[in-house]
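To find a chain, count down the sequence lines: A is the first, B the second, and so on, and within it residues start at 1.
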Amino acid sequence: MNIRVRYAPSPTGNQHIGGVRTALINYLFAKSMGGTFILRLEDTDRTRYSDGYVKNLYDTFHWLGFYWDEGPDIGGPVAPYVQSERLPLYRQYAEQLIAMDKAYYCFCDEERLGQLRKAQDEQKSGEQGYDRHCRNLSRDEVTRNLGEGKPYVIRLKIPLEGTTTFADLLLGDVEWKNADISPDPVLLKSDGFPTYHLANVVDDHLMNITHVMRAQEWIPSAPLHRIMYDAFGWEQPLLCHLPMVLGQDGHKLSKRHGATAVNEFRKAGYLPEALINYIAQLGCSFEDGRDLFTIDEMIELFKVEKLNKAPAVFDYQKLEWFNGQYIRQKSDAELAQLVKPFLVDAGIREGEDSAADALDLQAMPLVKERLKVLSDAAAMMAYLYRKPAMPAAAEFIPKKRDQQTALQMLRECLAVAMEDLDFSNLETMEEAFKRHAEQIGAKLGDLLMPLRVAITGARVSPPLFESMRILGQQETIERIKDSIAYLS
RNA sequence: GUCCCCAUCGUCUAGCGGUCAGGACAGCGGGUUUUCAUCCCGCCAACAGGGGUCCGAUUCCCCUUGGGGAUACCA
């Protein structure tokens, strides 16, 4: 069997962790089985739709680096892949259901529905959902209403009794009492657009989708879809409900937990490899004893049986760790390229500047193992581009010493820096300072802390001697002199 | 409220009847070191509870509890 799976997002928001996780699992499953991964745009909600979200979708996946085999932008054998371009289809199938007495016209307006809901809320234990008011309208009444041009929706007739069962790859068979299924959900809205329920069933069938992998929040609509497949006489794709992704508080991951949109992580300086690697392991495991996987390795190792049923909490700290791992795997040249836009954004350098490119390349070894996210580079590297602002005098003072000592140490450092030192040679530079510390009977740390602050503007910084090598002798001397003047 | 799904360290997870319950992140302690970080070593830390089944349950079944999800002309 040729496996065909789809990711079917609705362009009503930016791509977020949960959606991308679903897409990734679908992708891994398809590729591990030699199957096809399809993108379908479910743009049937016209009130929340925006072009910007479609653009965000494409941007996000280009950036992430895994892509669909068929989709709106690249076409495919069952095009179109955008639901708004398939409109006549849905009406046709909705009407077919009516003809089969599996669906019906409903003329209830929002006002009546609103009152109904309100009444239900008040009498807490009572019925929930639509009261099936129009389910048994006479044929005449329907014809009259239609003739008058009354707005209507088409609703699915859920059987009042009996049960419906669907098969889930992960959960096994799940049985529902029909009485517990959402009472007669809308299939075709009054604006002529289908709801998710109708469109997803029609398209999954027409697009020959074999497996539907989606989050567990969709479980309650599975039996309802099953009823439609049965009505049409179609085979239902095999379902696989994925565990949900939760925030630290145990609720569905959302904005209030922090960044959730992929572009936010991108802007914060996360690497796609890290995001993909981390996200894939939410509710899924690959192999014991290893944490880092390329996407190809994940394809190789992916097994449905290794999916988890329980929801997973999204851990920002662990993602950060993955990011650090991938940053450290980069070559200096690669990392310099990655960091560049963040430096430009921070106003530290221009985009077109070969001298700056060279400086960045030199600086990468100093920051590589210190970066958690790429955006950290801006604050970390600023002192290499320009003299840092003078920190408070106290910053210069080594532990358990005073300002006089700091000043003295700086003078000693200045003397060393002004010697005939080879600033391109780390070892001799380091040796010179060590020797000098011994000569004057000072602790190396006491000698170097004021120097570090003079050079980098902070007590915590990238390596000192490497920094001085990049800055050069003249700049080093200037910064020491400035600090001496400042402290005097 | 009702229905459905779920349940191993704080978090992500390994485990598919017999294990000192393993790994990773975080935390803590130590080492390397001119700061920070990286790296290395160590420590802390879990089978929700109660019944069964079985010679033997983390593992299989049931109940309780807990958590989550769904109850829209949103997906």
What's the gap between [N] and [M] when it is taken at their [atom1] atoms, as a whole Å value?
| N | M | atom1 | answer |
| --- | --- | --- | --- |
| B:C55 | B:U13 | C1' | 32 Å |
| B:C25 | B:C20 | P | 25 Å |
| B:C16 | B:U58 | P | 14 Å |
| B:U11 | B:G49 | P | 15 Å |
| B:U38 | B:C44 | C1' | 24 Å |
| B:A57 | B:C61 | C1' | 12 Å |
| B:G30 | B:G67 | P | 39 Å |
| B:C62 | B:C39 | P | 46 Å |

Are [X] and [Y] ion-paired here, with the side-chain N under 4.0 Å from a carboxylate O?
| X | Y | value |
| --- | --- | --- |
| A:R435 | A:E438 | no |
| A:E110 | A:R112 | no |
| A:E475 | A:K387 | yes |
| A:D249 | A:R256 | yes |

Please state whether the base of B:A24 and the side chain of A:K318 form at least one donor-acceptor pair under 3.5 Å?
->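 It does, because a donor-acceptor pair links the side chain of A:K318 to the base of B:A24 below 3.5 Å.
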
Could you run through nucleotides 31-41 of chain B and give me one letter per nucleotide, 5' to 3': B if any protein heavy atom sits under 4.0 Å from the base, S if only the sugar-phosphate is that close, - if neither?
-> ---BBBBSS--

Assign a letter to each nucleotide of nucleotides 70-75 of chain B from its 5' end: B, base within under 4.0 Å of a protein heavy atom; S, sugar-phosphate only; -, no contact.
-> SSSBBB

For RNA chain B, which residues in residues 165-174 of chain A have a heavy atom at a distance below 4.0 Å?
->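 Here the set is A:L171, A:V174.
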
From the options A:F29, A:Y81, A:W68, A:F61, select the one residue that forms a ring pair (Phe, Tyr, Trp, His ring centres under 6.0 Å) with A:Y7.
->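 Option passing the ring pair (Phe, Tyr, Trp, His ring centres under 6.0 Å) with A:Y7: A:F61.
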
Nucleotide paired to B:U2 in any strand shown, Watson-Crick or G-U, under 3.5 Å = B:A70

When all nucleic acid strands are considered with a 4.0 Å heavy-atom cut-off, which category describes A:N308: base, sugar-phosphate, or nothing?
-> sugar-phosphate

For A:Q216 and B:G69, what is the distance between atoms CD and P respectively, to the nearest whole Å?
-> 11 Å

Separation between NE2 of A:H197 and OG1 of A:T44, rounded to the nearest 0.5 Å | 10.5 Å

